[in-house]
S.K.: 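Sharing a structure here in structure tokens format.
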Amino acid sequence: ERESFLLGLHPVSFSLAMNEKCFKDKTIQLIKLTTCRAGFFTCNDGVCILMSKRCDQTAHCQDESDEKDCKLVVMKKNYNKNIALFSVILPMKKLNQFKLTSQQRSLIF
């Protein structure tokens with residue numbers, strides 16, 4: 001059970017904002033408020049779980065938000081873990097060399 005109605009993901013109206021251009025014609029934005037410490041993920045209902053449990057194919061949040069919007073990142077063989085990964089752009093020809101399931105392909109696109 002939730003301890004506070006303020007924590008978690010909520011729609012917030014910015015209709016009185018001075019510069020509505022920042023909101024791309026949407027004056028209602030989803031805002032997630034959290035008290036989770038570093039190393040934790042905030043479920044949409046405000047509950048904190050270990051970040052290592054995010055996207056592990058097992059729902060730990062009651063609302064299953066820890067398994068939403070997970071992406072598969074394909075690393076090249078020469079990937080250097082000491083350099084930050086900003087984005088991976090892989091042409092279809094290269095992608096076809098990997099044996100991916102249709103579910104894995106859907107996560108990439």
Side-chain angles (χ1 to χ4, degrees):
E1 190 174 315
R2 250 200 313 209
E3 293 180 21
S4 169
F5 290 109
L6 294 176
L7 298 178
L9 189 67
H10 301 282
V12 176
S13 174
F14 290 91
S15 60
L16 300 177
M18 296 283 287
N19 185 0
E20 292 183 13
K21 291 178 184 176
C22 295
F23 301 107
K24 299 178 185 175
D25 299 326
K26 294 183 181 179
T27 57
I28 295 180
Q29 298 288 314
L30 290 175
I31 304 294
K32 188 181 285 189
L33 302 175
T34 183
T35 58
C36 298
R37 299 177 311 203
F40 285 80
F41 172 78
T42 305
C43 302
N44 286 350
D45 62 2
V47 172
C48 302
I49 63 165
L50 287 169
M51 188 61 78
S52 60
K53 296 189 181 271
R54 167 110 166 85
C55 293
D56 66 353
Q57 299 182 1
T58 302
H60 301 284
C61 297
Q62 186 174 3
D63 60 11
E64 299 183 7
S65 57
D66 60 314
E67 297 301 318
K68 292 181 181 167
D69 299 321
C70 297
K71 304 288 183 208
L72 174 67
V73 178
V74 179
M75 303 295 192
K76 293 183 178 182
K77 288 182 181 180
N78 65 347
Y79 170 71
N80 182 347
K81 67 180 182 178
N82 297 316
I83 299 173
L85 177 65
F86 293 102
S87 67
V88 174
I89 300 173
L90 200 58
M92 279 303 290
K93 285 191 280 184
K94 294 245 183 202
L95 184 62
N96 289 331
Q97 75 186 14
F98 298 101
K99 294 181 185 195
L100 301 175
T101 66
S102 59
Q103 182 182 12
Q104 290 171 321
R105 285 182 181 274
S106 70
L107 292 173
I108 295 171
F109 302 106

S.K.: What residues, two or more places apart in sequence or in another chain, satisfy side chain to side chain contact (heavy atoms under 4.5 Å, CB included) together with Leu33?
M.R.: Ile31
S.K.: Which atom names give the shortest non-hydrogen contact between Arg54 and Asp69, and what distance separates them?
M.R.: NH2-O, 4.2 Å
S.K.: Go through Cys61 and Cys43 one step at a time and tell me if the disulfide (SG to SG under 2.5 Å) criterion holds.
M.R.: CA-CA 6 Å; Cys61 297; Cys43 302; 1.9 Å; yes
S.K.: Checking Thr34 now: which residues fulfil side chain to side chain contact (heavy atoms under 4.5 Å, CB included) with it, not counting sequence neighbours?
M.R.: Cys36, Thr42
S.K.: Output the distance between atom CG (Leu50) and atom CG (Asp66), rounded to the nearest 0.5 Å.
M.R.: 11.0 Å
S.K.: Do side-chain atoms of Asp63 reach the backbone of Asp45 as a donor and acceptor pair under 3.5 angstrom?
M.R.: yes
S.K.: Using 0.5 Å steps for rounding, measure from the CZ atom of Phe41 to the SG atom of Cys55.
M.R.: 7.5 Å
S.K.: Which residues pass the side-chain hydrogen bond (donor to acceptor under 3.5 Å, both in side chains) test with Lys53, sequence neighbours left out?
M.R.: none
S.K.: Dump the intermediate steps for side-chain contact (heavy atoms from CB on, under 4.5 Å) on Lys32 and Asn44, then the final yes or no.
M.R.: CA-CA 7 Å; Lys32 188 181 285 189; Asn44 286 350; 3.1 Å; yes
S.K.: Can you tell me if Glu64 uses its side chain to pair, donor with acceptor, with the backbone of Ala59 under 3.5 Å?
M.R.: no
